[in-house]
Amino acid sequence: MTTSISKTDLSTLDLSDLTHFEDGVPHELFAQMREQDGPHWNALSGDEPGFWSFTKAADIQAISRDSLTFSSATGGVFMTTQGAAPVEVLREVILGMDPPRHTQQRNVVQAVFTPKLIRQKAAGIHATVNRLIDEVIEKGECDFVKDIAVELPLLVIADMLGVPVDDRKKLFEWTNRLSLAAATSNPELGFGALMEIGAYLTAITAERKANPGDDLVSRLVHAEVDGEKLTEQEVTFFFAILMFAGNDTTRNTASGGMRALIENPDEYRKLIDGHATVVNAVDEMLRWVTPVQYFSRTVMQDTVVGGHALKQGERVVMWYPAGSRDPELNADPMRFDVSREKAPHLAFGGGGAHFCLGNQLAKLELKILFEELTRRMPDMQIAGPITHLTSSFSNELTSMPVSFTPGKRES
Ligand code: HEM
């Protein structure tokens, strides 16, 4: 696959064909597309309309920052009508809404999901990370994906929702089904998972409305901004999308980031020796992995992006990993370098109204995780075959066996 990539004929290229993602993110192909003048037209088979693929950071930012011209609600956010869930369902979650409904919902959610609340989670996240490390450290080996990367965001979200930690297994199963639905363009699978999450959360939402606690669900049910509140159903849908948006993404950055450190031992050494900060390394891992590969929009009125005319009704797809490795954004972008200062990237989107709501929480989780990993497992090595999901949507490792010098539990 990789050897033939430099010869790919872009005129017939169809990125809905998963063979392009069999070896992971097709960075060489993206580089070829980025070098082209203007976006790439991607025709689709059958009745599906095609779309324009954007790979340059500046173009992705321009599209992301104009949610009046580029609608999420009209045609959904996936590249075909067969995305992770039916379009009419996606319109009910914040990710798939347009202004003014999006603005109203985002204001209420932001009033609850504050930087202060996130800072308060640091001690709990720290304890969770060390518990996860404790569970494997004496063995000297584990599956980094299954034992660490999967568990951390699930436990953090279970804690925020105020649900029993044992329920995280259900959350995990639903998240995986949503991820698979996005990977295989199977809206029925995604819809089924969303309905099950909905039923689970509806009971919790109703209970917290009657008996509020200090958890995020209770706060969101009661939050009010300019006289606007979320209905119970909106709260339910918000948490359903939170599981999709906050689990896989953080997990995949953690495992892809760890892999990059192991495969670039000089970079890992910089962190262990304190010659680079974990904060900068986390931005570099986000840039390097960029776990969400794309979202799409529908053009609402004729416009121009990067000198290219777009017509009302056309679809655009923004390839975030291509934007994150745009040489216009970072020098030498194909090099993993933890000493870049606040490396700019498009892992959380290109800015604008839908910019990742959980970016601060994700960065906090990753910072604490990598601080503790470099402290307690500084000699981690790959110990078996790494496997990944073949997906145009998620840059996702499914297994990464690792080994390290056995250490002692701390609790
Ligand atoms: C490394 C981890 C993460 C990555 C890479 C990531 C990535 C993204 C991306 C690409 C978007 C779409 C941006 C756009 O359309 O412009 C998004 C939206 C969103 N993310 Fe994240 N995310 C991460 C973690 C989280 C976490 C931890 C949460 C919450 C617990 C979260 C909640 C959301 C929500 C609610 C939205 C929709 C916002 C809106 O439509 O207004 N994300 N994220």
Side-chain angles (χ1 to χ4, degrees), residues 54 57 60-67 70-73 76-78 90-99 101-110 112-114 117-118 121 125 149 152-161 171 175 179 182 216-217 220 230 234-235 237-257 282-297 316-321 323-324 345-370 393-396:
F54 283 89
I60 295 172
Q61 286 162 338
I63 294 168
S64 301
R65 290 169 192 187
D66 183 357
S67 52
F70 296 98
S71 162
S72 300
V77 290
F78 293 97
L90 283 174
R91 267 185 214 128
E92 296 304 311
V93 299
I94 188 166
L95 189 70
M97 288 178 188
D98 281 342
R101 193 172 171 212
H102 175 265
T103 320
Q104 175 201 332
Q105 182 157 140
R106 178 111 183 179
N107 286 344
V108 178
V109 170
Q110 255 166 344
V112 170
F113 219 80
T114 58
L117 175 103
I118 290 159
K121 296 287 162 203
I125 295 172
L152 176 62
L154 278 174
L155 287 163
V156 171
I157 287 190
D159 170 61
M160 285 198 147
L161 295 175
L171 309 186
T175 311
S179 183
L216 207 54
V217 182
L220 201 55
L230 299 192
E234 283 172 331
V235 173
F237 273 127
F238 175 71
F239 284 110
I241 200 66
L242 211 63
M243 278 179 220
F244 181 50
N247 263 326
D248 251 33
T249 48
T250 313
R251 169 212 306 184
N252 297 338
T253 311
S255 36
V282 164
D283 267 322
E284 177 66 349
M285 290 183 221
L286 283 160
R287 184 187 79 81
W288 190 251
V289 178
T290 303
V292 177
Q293 298 199 60
Y294 81 89
F295 274 128
S296 90
R297 304 283 193 260
V316 296
V317 168
M318 301 170 279
W319 294 99
Y320 301 128
S324 284
H345 58 76
L346 278 75
F348 295 125
H354 290 277
F355 187 69
C356 175
L357 190 82
N359 74 89
Q360 293 300 331
L361 177 63
K363 283 192 185 195
L364 182 65
E365 287 179 49
L366 293 165
K367 173 177 168 284
I368 295 173
L369 174 65
F370 283 98
F393 183 71
S394 277
N395 178 13
E396 176 163 338

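Atoms within a ligand are numbered from 1 in the order they appear, just like the ligands themselves. Everything numeric here is computed off the predicted structure, so don't read it as measured data.
Among protein heavy atoms, the minimum distance from atom 27 (C) of ligand 1 is reached at Gly246 CA, 3.7 Å. Of the protein's heavy atoms, Thr249 OG1, 3.3 Å lies nearest to atom 23 (C) of ligand 1. If you check which protein heavy atom lies closest to atom 40 (O) of ligand 1, you get His354 ND1, 2.6 Å. The closest protein non-hydrogen atom to atom 22 (N) of ligand 1 is Cys356 SG, 3.0 Å. Here the protein heavy atom with the shortest distance to atom 36 (C) of ligand 1 is Leu357 N, 4.1 Å. Here the heavy atom of the protein found nearest to atom 28 (C) of ligand 1 is Gly358 CA, 3.4 Å. Of the protein's non-hydrogen atoms, the one nearest atom 33 (C) of ligand 1 is Ala245 CB, 3.5 Å. The nearest heavy-atom contact from the protein to atom 10 (C) of ligand 1 is Ala347 O, 3.4 Å.
Between His102 and His354, the ring-plane angle classifies as tilted under the 30° and 60° cut-offs. Between Phe238 and Phe113, the two ring planes are perpendicular [angle over 60°; tilted spans 30° to 60°].
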Audit row: Met243, Leu161, side chain to side chain contact (heavy atoms under 4.5 Å, CB included) steps and yes/no: CA-CA 10 Å; Met243 278 179 220; Leu161 295 175; 3.9 Å; yes

Stepwise side chain to side chain contact (heavy atoms under 4.5 Å, CB included) test for Tyr294 and Phe78: CA-CA 8 Å; Tyr294 81 89; Phe78 293 97; 3.4 Å; yes

Side chain to side chain contact (heavy atoms under 4.5 Å, CB included) evaluation trace for Met318 with Leu346: CA-CA 10 Å; Met318 301 170 279; Leu346 278 75; over 6 Å; no

Side chain to side chain contact (heavy atoms under 4.5 Å, CB included) between Arg101 and Glu92, intermediate numbers included: CA-CA 10 Å; Arg101 193 172 171 212; Glu92 296 304 311; 3.3 Å; yes

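Residue contacts with ligand 1, taken as heavy atom pairs separated by less than 4.0 Å, involve Leu242 solely via side-chain atoms from C-beta onward. At a heavy-atom distance under 4.0 Å, no atom of Ile241 approaches ligand 1. The proximity of Phe295 to ligand 1, defined as any non-hydrogen pair under 4.0 Å, is limited to the side chain. Contact annotation: for Ile94 versus ligand 1, heavy atoms closer than 4.0 Å belong to both the backbone and the side chain. The backbone and the side chain of Thr250 each have at least one atom closer than 4.0 Å to an atom of ligand 1 (non-hydrogen atoms only).
Using a 4.0 Å cut-off between charged side-chain N and carboxylate O, Arg251 and Glu365 make no salt bridge.
The closest donor-acceptor contact from the side chain of Thr103 to the backbone of Pro99 lies at 3.5 Å or more, if one exists at all. Side chain of Asn395 to backbone of Val289: a donor-acceptor contact under 3.5 angstrom is found. Distance alone, capped at 3.5 Å, is enough to place a donor-acceptor pair between the Thr290 side chain and the Leu286 backbone. With Thr253 contributing its side chain and Thr249 its backbone, the two residues share a donor-acceptor pair below 3.5 Å.
Residue Ala362 has at least one heavy-atom neighbour below 4.0 Å for each of these atoms of ligand 1: 1 (C), 2 (C), 24 (C). Shown in contact with Thr253 at under 4.0 Å from a heavy atom are these atoms of ligand 1, numbered in order with element: 1 (C). The atoms of ligand 1 that sit less than 4.0 Å from any heavy atom of Leu286 are 1 (C). For ligand 1, the atoms lying closer than 4.0 Å to a non-hydrogen atom of Ala353 are 41 (O). Atoms of ligand 1 lying under 4.0 Å from any heavy atom of Leu361, numbered from 1 in the order shown and given with element: 30 (C).
In this structure the side chain of Leu95 never reaches within 4.5 angstrom of the side chain of Leu90, judged on heavy atoms.
Considering backbone and side-chain atoms alike, His102 places an N or O below 3.5 Å from some N or O of ligand 1. Residue-to-ligand polar distances place Arg106 within reach of ligand 1: an N/O pair is separated by less than 3.5 Å. For ligand 1, the polar-atom distance check finds no N/O of Asn359 at less than 3.5 Å from any of the ligand's N/O atoms.
Remark: Thr250 OG1 to Ile157 CD1 distance equals 7.0 Å, nearest 0.5 Å. Atom CZ of Arg297 is separated from atom CG of Asp98 by 8.5 Å, given to the nearest 0.5 angstrom.
Using a 4.0 Å heavy-atom cutoff, Arg297 is listed among the residues neighbouring ligand 1. Contact annotation: Ser72 has no heavy atom less than 4.0 Å from any atom of ligand 1. The shortest heavy-atom distance from Pro291 to ligand 1 is under 4.0 Å.
Nearest residue to atom 9 (C) of ligand 1 from Phe348, Phe355, Tyr320 is Phe348 (criterion: closest heavy atom).
The distance between the ring centers of Phe295 and Phe393 falls below 6.0 angstrom.
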